[in-house]
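Here the structure comes first, spelled out in structure tokens, and everything after it is commentary.
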Amino acid sequence: MTINSIYILNKAGTLIYQNDFGNTEKLSHNSYIRLGSTFHSLHAIASNLSPVSGSSSGIEVIETEAFKLQCFQTHTGIKFYVIADPNHQQLEELLHGVYELYTDYVLKNPFYEIEMQIRCDLFDYKLLRLLGIPTTTNNNNNNNNNNNNNNNNNNNNNNNNNNNNNNNNNNNNNNNNNNNNISPMDIQKK
């Protein structure tokens with residue numbers, strides 16, 4: 001029972017978050033945007049096709065032999081949808097869990113602007129944990145940061161040495177210039 005992808009659309013239908021899991025074929029960024037806006041359009045059409053006005057909220061589930069798509073729409077119009085294995089159960093509970101993570105780690109983030117792309121590492125980390133996908137440790141990141149800091153320190157030391165050499169050369173040039181500017185009167189005084 002695998003989760004293939006999770007999408008989050010804002011109320012205008014703009015894709016604000018997308019993540020693929022497992023060995024799902026990666027698409028171009030434009031293709032993901034096209035998929036998100038297509039689903040938004042189908043969702044809006046489905047909500048207008050209901051024979052009883054105001055009774056339909058749009059597409060909730062699409063089931064095929066190859067995949068199952070489940071959608072959860074909030075009262076504010078944000079749509080969360082997941083594409084999963086067709087035999088996967090409890091997708092509705094999963095989407096409610098994703099919504100909780102969204103409210104806790106995205107909306108409460110002081111740097112996040114409403115309706116904009118979601119770029120929150122803590123949200124990604126908690127989402128992976130919710131899905132039961134193993135997360136990598138930060139040891140690799142810390143090692144890379146330490147290596148970058150060491151390289152920066154070495155570059156700074158080299159720059160300081162170059163600056164000192166330049167200062168010494170400037171001092172030598174100034175001394176030479178002072179010696180070249182001796183007037184005949186100075187020679188007689190010595």
Side-chain angles (χ1 to χ4, degrees), residues 1-138 140-141:
M1 311 274 188
T2 60
I3 302 294
N4 297 330
S5 300
I6 291 181
Y7 293 78
I8 302 175
L9 305 175
N10 66 14
K11 63 183 171 188
T14 304
L15 182 67
I16 59 173
Y17 183 83
Q18 179 280 322
N19 203 343
D20 290 328
F21 306 100
N23 52 359
T24 304
E25 181 182 341
K26 304 296 181 205
L27 303 174
S28 70
H29 184 68
N30 288 338
S31 295
Y32 288 121
I33 292 171
R34 192 176 312 113
L35 282 173
S37 60
T38 300
F39 180 75
H40 175 74
S41 300
L42 290 174
H43 191 274
I45 290 169
S47 64
N48 290 331
L49 289 176
S50 175
V52 180
S53 64
S55 66
S56 177
S57 64
I59 296 174
E60 290 183 11
V61 178
I62 297 175
E63 292 186 42
T64 69
E65 292 178 7
F67 69 90
K68 182 177 183 180
L69 183 145
Q70 179 96 26
C71 178
F72 169 67
Q73 182 175 356
T74 67
H75 293 293
T76 59
I78 304 290
K79 289 176 208 62
F80 295 83
Y81 70 96
V82 62
I83 300 171
D85 184 64
N87 299 322
H88 200 292
Q89 303 298 318
Q90 303 169 342
L91 288 178
E92 190 169 346
E93 290 84 13
L94 173 72
L95 287 171
H96 285 279
V98 174
Y99 176 60
E100 282 183 36
L101 294 177
Y102 171 77
T103 57
D104 286 343
Y105 298 104
V106 176
L107 293 181
K108 293 179 184 176
N109 182 345
F111 301 108
Y112 176 69
E113 293 182 37
I114 302 295
E115 305 275 326
M116 299 306 290
Q117 293 288 320
I118 298 171
R119 299 189 195 295
C120 179
D121 292 336
L122 191 55
F123 174 72
D124 289 333
Y125 173 76
K126 294 292 187 175
L127 182 60
L128 290 174
R129 291 200 49 202
L130 176 71
L131 298 175
I133 297 173
T135 57
T136 58
T137 59
N138 289 335
N140 292 337
N141 291 339

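Because the structure is predicted, anything quoted here is derived from the model rather than measured. Keep in mind that the numbers below use all heavy atoms, side chains included, and drop hydrogens, waters and symmetry copies.
- Lys126 NZ to Thr135 OG1: the interatomic distance, rounded to the nearest 0.5 Å, is 10.0 Å.
- Taking CZ of Arg129 as the reference point, atom CG of Leu131 lies at 12.0 Å (rounded to 0.5 Å).
- To the nearest 0.5 Å, atoms CD (Glu63) and CD (Gln70) are separated by 8.0 Å.
- Aromatic ring centres of Tyr17 and Phe123 lie closer together than 6.0 Å.
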Go through it in stages, so that I can follow the logic: the residues are Thr14 and Leu9, the test is side-chain contact (heavy atoms from CB on, under 4.5 Å), and I'd like the CA-CA distance, side-chain angles, deciding distance and then a yes or no. CA-CA 5 Å; Thr14 304; Leu9 305 175; over 6 Å; no
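- One finds the NZ atom of Lys26 at 6.0 Å from the OG1 atom of Thr24 (value rounded to the nearest 0.5 Å).
- The side-chain heavy atoms of Val98 and Phe72, taken from C-beta on, include no pair separated by under 4.5 Å.
- More than 12 heavy atoms of other shown residues, nucleotides or ligands fall within 6.0 angstrom of atom CD in Gln117.
- Between Ile3 and Ala84 the shortest heavy-atom distance is CD1-CB, 3.9 Å.
- No more than 12 heavy-atom neighbours from other residues, nucleotides or ligands sit within 6.0 angstrom of CD on Glu113.
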Given Phe21 and Leu127, is the side-chain contact (heavy atoms from CB on, under 4.5 Å) satisfied, shown in steps? CA-CA 11 Å; Phe21 306 100; Leu127 182 60; 4.1 Å; yes
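- We find the NZ-CD distance between Lys68 and Gln89 to be 5.0 Å, quoted to the nearest 0.5 Å.
- Atom-to-atom distance recorded for Ile8:CD1 and Thr74:OG1 is 10.5 Å, nearest 0.5 angstrom.
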Show me, pair by pair, the donor-acceptor contacts under 3.5 angstrom made by side chains of residues 104-111, not counting sequence neighbours?
from	atom 1	to	atom 2	distance (Å)
Asp104	OD1	Lys108	NZ	3.4
Asn109	OD1	Phe111	N	2.9

Evaluate the criterion side-chain contact (heavy atoms from CB on, under 4.5 Å) for residue pair Glu115 and Lys11; output intermediate values, then yes/no. CA-CA 8 Å; Glu115 305 275 326; Lys11 63 183 171 188; 3.7 Å; yes
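- Remark: Phe67 engages Thr64, Leu69, Ile83 in a side chain to side chain contact (heavy atoms under 4.5 Å, CB included) (not counting sequence neighbours).
- In this structure, Gln18 places its CD atom where more than 12 heavy-atom neighbours from other residues, nucleotides or ligands lie under 6.0 Å away.
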Taking only distance into account, with no hydrogens and no angle test, what donor-acceptor pairs under 3.5 Å do side-chain atoms of residues 35-46 form with protein atoms, sequence neighbours excluded?
from	atom 1	to	atom 2	distance (Å)
Ser37	OG	Ile33	O	3.2
Ser37	OG	Arg34	O	3.1
Thr38	OG1	Arg34	O	2.7
His40	ND1	Lys79	NZ	3.0
Ser41	OG	Ser37	O	3.0
His43	NE2	Ser57	O	3.2
His43	NE2	Ile59	O	3.4
His43	NE2	Gln73	OE1	3.4

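- Tyr102 places a side-chain heavy atom less than 4.5 Å from the side chain of Ile118.
- Using cut-offs of 30° and 60° for the angle between ring planes, the Tyr7 and Tyr32 rings count as tilted.
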